[in-house]
Amino acid sequence: MSSELHINVDDQALAITSNKPNQYEIRPMKETDLPTVLEIEKIVWHDESWDLGFFYDFFNDPLSSCWILENTNSAQPIVGYGLQSLLHNKSSITNLTLHPSQWGRGLGGLLLRHMIKHARLSCAVRMSLEVSTSNKRAYNLYFNHGFRISKLLPKYYGSSDGYCMILQLENEI
């Protein structure tokens, strides 16, 4: 069996299909997704997880975009989510989280590329995010997609330092 991936892209969703049983799609978040998003948030971030009120506020903010990454061939389809906001010509990634069972499959990159594309389509010229200095997996994901450290954020995550990372966007889509 071939493991070649076929990518179909449109403005609403991004799907990756292969001859394997999984098919992934990125779509706008719905309010009914929030309980599952909160469950994944708690599994990944434990005591540092955001509460439902934060997600609900972000979901209802007209300057924010909330994305769901789902496996369309699964009984529990939501495997990750991303939150980003746009103010003036700058996009900020507020959260990009995958269920731990999905780590190491390239799905974080899939979701991140979708968010970068959305920022470009929204005429953003720069993207920013914060990441813990101890989160090597996330740091490498962002670095491999062109983000660079702009400053160190001492004790940004309580006892852990963070980095502010920036991606300068080109005008091409």
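Nothing here was measured: the structure is a model prediction, and the numbers come from that model. In this chain, residues are counted from 1 in sequence order.
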>> Test side-chain contact (heavy atoms from CB on, under 4.5 Å) on Cys123 and Asn89; report intermediate values, then the result.
In response: CA-CA 6 Å; Cys123 299; Asn89 60 353; over 6 Å; no
Closest approach of [X] and [Y], non-hydrogen atoms and distance?
| X | Y | answer |
| --- | --- | --- |
| Ile40 | Ile78 | CD1-O, 3.8 Å |
| Arg105 | Tyr24 | NH1-OH, 3.6 Å |
| Pro100 | Val44 | CD-CG2, 3.7 Å |

Between [X] (side chain) and [Y] (backbone), is there a donor-acceptor pair under 3.5 Å?
| X | Y | answer |
| --- | --- | --- |
| Ser122 | Ala124 | no |
| Gln84 | Met115 | yes |
| His88 | Lys90 | no |
| Ser92 | Thr94 | no |
| Asp57 | Phe54 | no |

>> Could you walk me through whether Leu152 and Tyr163 satisfy the side-chain contact (heavy atoms from CB on, under 4.5 Å) test, starting with their C-alpha distance in whole Å, then the side-chain angles of each, then the deciding distance to 0.1 Å, before giving a yes or no?
In response: CA-CA 5 Å; Leu152 177 66; Tyr163 293 126; 3.9 Å; yes
>> Does Asp161 form a side-chain contact (heavy atoms from CB on, under 4.5 Å) with Lys155? I'd like the steps, not just the answer.
In response: CA-CA 4 Å; Asp161 295 341; Lys155 307 293 183 208; 4.2 Å; yes
> Apart from Leu63 itself, which Ile, Leu, Val, Met, Phe, Trp or Tyr residues share its cluster (side-chain heavy atoms under 4.5 Å, direct or through members)?
Replying inline: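 Noted: Leu63 shares its cluster with Leu87.
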>> Running the 4.5 Å side-chain criterion over Ile, Leu, Val, Met, Phe, Trp and Tyr, what cluster does Leu86 land in, apart from itself?
In response: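 Members alongside Leu86: none; it stands by itself.
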Cluster check [X], [Y]: I/L/V/M/F/W/Y, side chain < 4.5 angstrom:
| X | Y | value |
| --- | --- | --- |
| Leu107 | Tyr139 | yes |
| Leu141 | Leu111 | yes |
| Val37 | Trp103 | yes |
| Leu38 | Trp45 | yes |
| Leu83 | Tyr156 | no |

> Can you name the residues that form a ring pair (Phe, Tyr, Trp, His ring centres under 6.0 Å) with Phe55, not counting sequence neighbours?
Replying inline: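 With sequence neighbours excluded, Phe55 shows a ring pair (Phe, Tyr, Trp, His ring centres under 6.0 Å) to Trp50, Tyr81, given in chain and number order.
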>> Checking His118 now: which residues fulfil ring pair (Phe, Tyr, Trp, His ring centres under 6.0 Å) with it, not counting sequence neighbours?
In response: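 Partners of His118 under the ring pair (Phe, Tyr, Trp, His ring centres under 6.0 Å) test: Trp67.
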For residues [X] and [Y], determine if any side-chain heavy atom of one lies less than 4.5 Å from a side-chain heavy atom of the other.
| X | Y | answer |
| --- | --- | --- |
| Leu96 | Tyr142 | yes |
| Thr133 | Ser160 | yes |
| Leu34 | Met29 | yes |
| Tyr157 | Asn135 | no |

> So which pairs with a foot in residues 145-154 pass side-chain hydrogen bond (donor to acceptor under 3.5 Å, both in side chains), sequence neighbours left out?
Replying inline: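 Non-adjacent pairs meeting side-chain hydrogen bond (donor to acceptor under 3.5 Å, both in side chains): Arg113-His145.
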>> For Glu41 and Asn95, which I'm curious about, is there any donor-acceptor pair between the side chains at under 3.5 Å?
In response: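 A donor-acceptor contact under 3.5 Å links the two side chains.
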> Any side-chain donor paired with an acceptor under 3.5 Å for Thr72 and Glu25?
Replying inline: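 The criterion, which ignores hydrogens and geometry beyond distance, is not satisfied for Glu25 and Thr72.
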First locate atom [atom1] of [X], then atom [atom2] of [Y], and finally report the distance between them rounded to the nearest 0.5 Å.
| X | Y | atom1 | atom2 | value |
| --- | --- | --- | --- | --- |
| Asn71 | His99 | CG | NE2 | 12.5 Å |
| Glu39 | Leu52 | CD | CG | 12.5 Å |
| Cys66 | Phe59 | SG | CZ | 6.5 Å |
| Leu112 | Leu129 | CG | CG | 8.0 Å |
| Leu98 | Leu69 | CG | CG | 6.5 Å |
| Ile68 | Asp33 | CD1 | CG | 4.0 Å |

>> Can you list everything that forms a salt bridge (charged side-chain N to carboxylate O under 4.0 Å, His left out) with Glu70? Sequence neighbours excluded, please.
In response: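 So Glu70 forms a salt bridge (charged side-chain N to carboxylate O under 4.0 Å, His left out) with Arg27.
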